[in-house]
Number of protein chains: 2
Amino acid sequence: MKIEVTTKPENFNIQKNIISQIRDLINFKNLEPGDKLPSERMLSEKFKVSRNVVRDAIQKLELYGLLKSRPQSGTFIANIGITALNGMVEDILRLDEPDFKSLVETRILLELKTARLAALRRTEEDLDQISKALKAHKEKILNGEEAVQEDLLFHLAIAKASGNSSMNTFMLIITPEIITNFEKYHVCDVGQAHSRIEEHQAIFDAIKNRSPQLAKQKMKEHFRELYKYCYNIEIN
Amino acid sequence: MKIEVTTKPENFNIQKNIISQIRDLINFKNLEPGDKLPSERMLSEKFKVSRNVVRDAIQKLELYGLLKSRPQSGTFIANIGITALNGMVEDILRLDEPDFKSLVETRILLELKTARLAALRRTEEDLDQISKALKAHKEKILNGEEAVQEDLLFHLAIAKASGNSSMNTFMLIITPEIITNFEKYHVCDVGQAHSRIEEHQAIFDAIKNRSPQLAKQKMKEHFRELYKYCYNIEIN
DNA sequence: AATTTATGATTGGTAAACCAAATCTTCATT
DNA sequence: AATGAAGATTTGGTTTACCAATCATAAATT
């Protein structure tokens with residue numbers, strides 16, 4: 001028995017198809033930023049698909065900030081200019097699925113920064129949250145158990161304390177893929193687990209003492225330990 | 001006549017409500033990673049809402065990698081562990097809308113890195129694309145026109161050349177908001193426009209010559225000029 | 001008894017019907 | 001002619017109905 005692991009290209013391609021048709025229509029009709037798109041009904045009729053499919057495509061473009069739909073009023077083109085819109089749609093259509101290397105690279109970039117920012121901006125409540133995550137991780141490890149989840153929740157607590165909502169969001173998007181890969185390849189085996197505790201503690205202390213440079217430094221060392229076998233990932 | 005600019009909290013709260021109910025159900029029923037969620041019909045019946053509302057909530061959790069729904073089969077819980085899932089759902093529910101400062105801060109972080117990476121990894125085709133964007137921007141400026149869009153397309157071309165799909169995606173998400181704010185506050189006025197051209201050229205040259213450190217340096221100077229009035233944004 | 005096949009129930013995806021808010025049109029009033 | 005109100009229309013959002021792929025169960029065959 002053969003198991004197909006296809007990503008169902010059809011579904012994605014249908015949506016991509018609709019997205020590019022929307023772009024074409026905007027260009028052909030010379031619609032400008034701020035203008036209203038034809039109604040979902042008209043689009044679905046024009047493109048010979050269901051309204052639902054059109055709605056999904058619109059939703060995706062809304063996620064990227066290119067459209068904005070308002071209830072009982074219409075879907076509007078963002079004020080970013082027609083040139084930027086065309087360029088961005090092109091990019092969106094060609095986007096690759098992120099590989100693991102990209103994820104890790106991005107993660108390190110974000111974490112070095114959020115550690116710094118957390119040291120600068122953390123509130124007392126932030127500190128409390130980080131402390132709890134630190135403790136949960138520590139106890140799991142000392143109990144001899146795997147603690148990948150607690151590990152990453154510690155890092156997410158720092159991201160939250162950075163006071164930067166975008167970075168926090170991006171960290172959340174990246175994290176699940178990181179976790180599953182860690183568990184798959186047993187990155188966090190018990191042998192090195194104890195040094196993890198100390199590294200986390202050092203990061204926490206730096207954030208507590210409002211030492212941004214040290215926080216970044218300790219985070220960097222933490223990652224250097226973690227990913228030392230992945231030598232073609234950009235750490236700095 | 002007064003225009004209400006409310007963000008319609010109800011709609012968001014309905015979705016957040018459903019999301020937290022899904023989390024509660026997972027916990028109450030002791031569902032584990034990899035398990036199948038009840039069908040959308042059952043969920044919609046249980047939560048007393050339409051199936052579409054359930055589907056939207058699932059789609060959002062899918063975006064954050066916590067669920068994965070497969071056609072004609074079911075919706076499955078990601079293999080990230082129940083602790084991580086609970087923590088992440090909590091974070092997702094409390095996420096703030098990003099303010100402009102966060103966006104700019106994140107943009108600078110990403111761009112310094114993508115410039116470096118592009119210098120290391122750009123292909124000839126990447127270089128060609130960046131060159132075209134550079135030229136388009138230059139010509140618009142020399143023609144005395146505003147060129148905010150061409151400016152950011154140049155930066156997006158660099159992000160693409162970085163070979164990091166995650167960073168590319170995040171740049172795309174951030175860009176529209178940046179553009180609208182630039183145009184709103186007239187950040188790119190014509191006076192400084194000519195020095196922009198030189199700065200872009202310097203960045204391009206560094207990427208062309210495969211000089212990662214220089215590319216980052218030139219990008220940093222570029223931003224220092226741009227945002228010198230925003231002194232509480234973390235540049236490094 | 002083991003394996004294959006067939007059949008019916010279940011599922012997420014899609015299409016169609018319906019709703020209430022927003023907008024436009026029309027017409028009466030000043 | 002300008003303005004305001006009322007009604008009809010249009011719109012995105014929501015609900016309902018339908019579809020084809022999938023899966024589990026059981027019957028049939030070896």
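Naming: A, B, ... by sequence-line order, numbering from 1 per chain.
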A:D128 and A:K132 ion-paired at < 4.0 Å: yes
Carboxylate-amine/guanidinium contact A:R23 A:E90, below 4.0 Å: yes
A:M42 CE - D:dT11 P separation (whole Å): 7 Å
Short side-chain N/O contact to C:dG13 OP1/OP2 from B:R55, under 4.0 Å: yes
Aromatic contact, A:H137 with A:F154 (centres under 6.0 Å): no
Separation of C:dG12 P from A:D56 CG (nearest whole Å): 16 Å
Candidates C:dA22, D:dT15, D:dA21 - which lies nearest the side chain of A:Q72: C:dA22
Closest nucleotide among D:dT14, D:dT11, C:dT11 to the A:R51 side chain: D:dT14
Separation between CG of A:L43 and CD1 of A:I58, rounded to the nearest 0.5 Å: 6.0 Å
Between C:dG13 (P) and A:Q15 (CD): distance, integer Å: 12 Å
Under-4.0 Å side-chain N/O to phosphate OP1/OP2 contact, B:S73 with D:dC23: yes
Intermediate values then yes/no, side-chain hydrogen bond (donor to acceptor under 3.5 Å, both in side chains), B:S102 and B:D99: CA-CA 5 Å; B:S102 293; B:D99 52 323; 2.6 Å; yes
Proximity to the side chain of B:P71 - top-ranked nucleotide from C:dA15, C:dG13, D:dG13: C:dG13
Euclidean distance, atom CD1 of residue A:I18 to atom P of C:dA15 [Å, nearest integer]: 10 Å
A:S50 side-chain proximity, nearest of C:dC18, C:dG12, C:dA15: C:dA15
B:R41, nearest nucleotide to its side chain (from C:dA15, C:dC19, C:dG12): C:dG12
Whichever of A:L37 and B:K48 has its nearest DNA chain D nucleotide further upstream toward 5': A:L37
Gap between atoms CD and P, on B:Q59 and D:dG13 respectively (whole Å): 13 Å
side-chain N/O B:T75 vs C:dT11 OP1/OP2, d < 4.0 Å: no
Separation of D:dT9 P from A:K36 NZ (nearest whole Å): 16 Å
Under-4.0 Å side-chain N/O to phosphate OP1/OP2 contact, B:S39 with C:dT11: yes
Between D:dG12 (P) and A:E45 (CD): distance, integer Å: 14 Å
Atom pair distance, as rounded to whole Å: CZ in B:F76 and P in D:dT22: 12 Å
Sugar-phosphate only, base, or nothing, as touched by A:R70 at under 4.0 Å among non-hydrogen atoms: sugar-phosphate
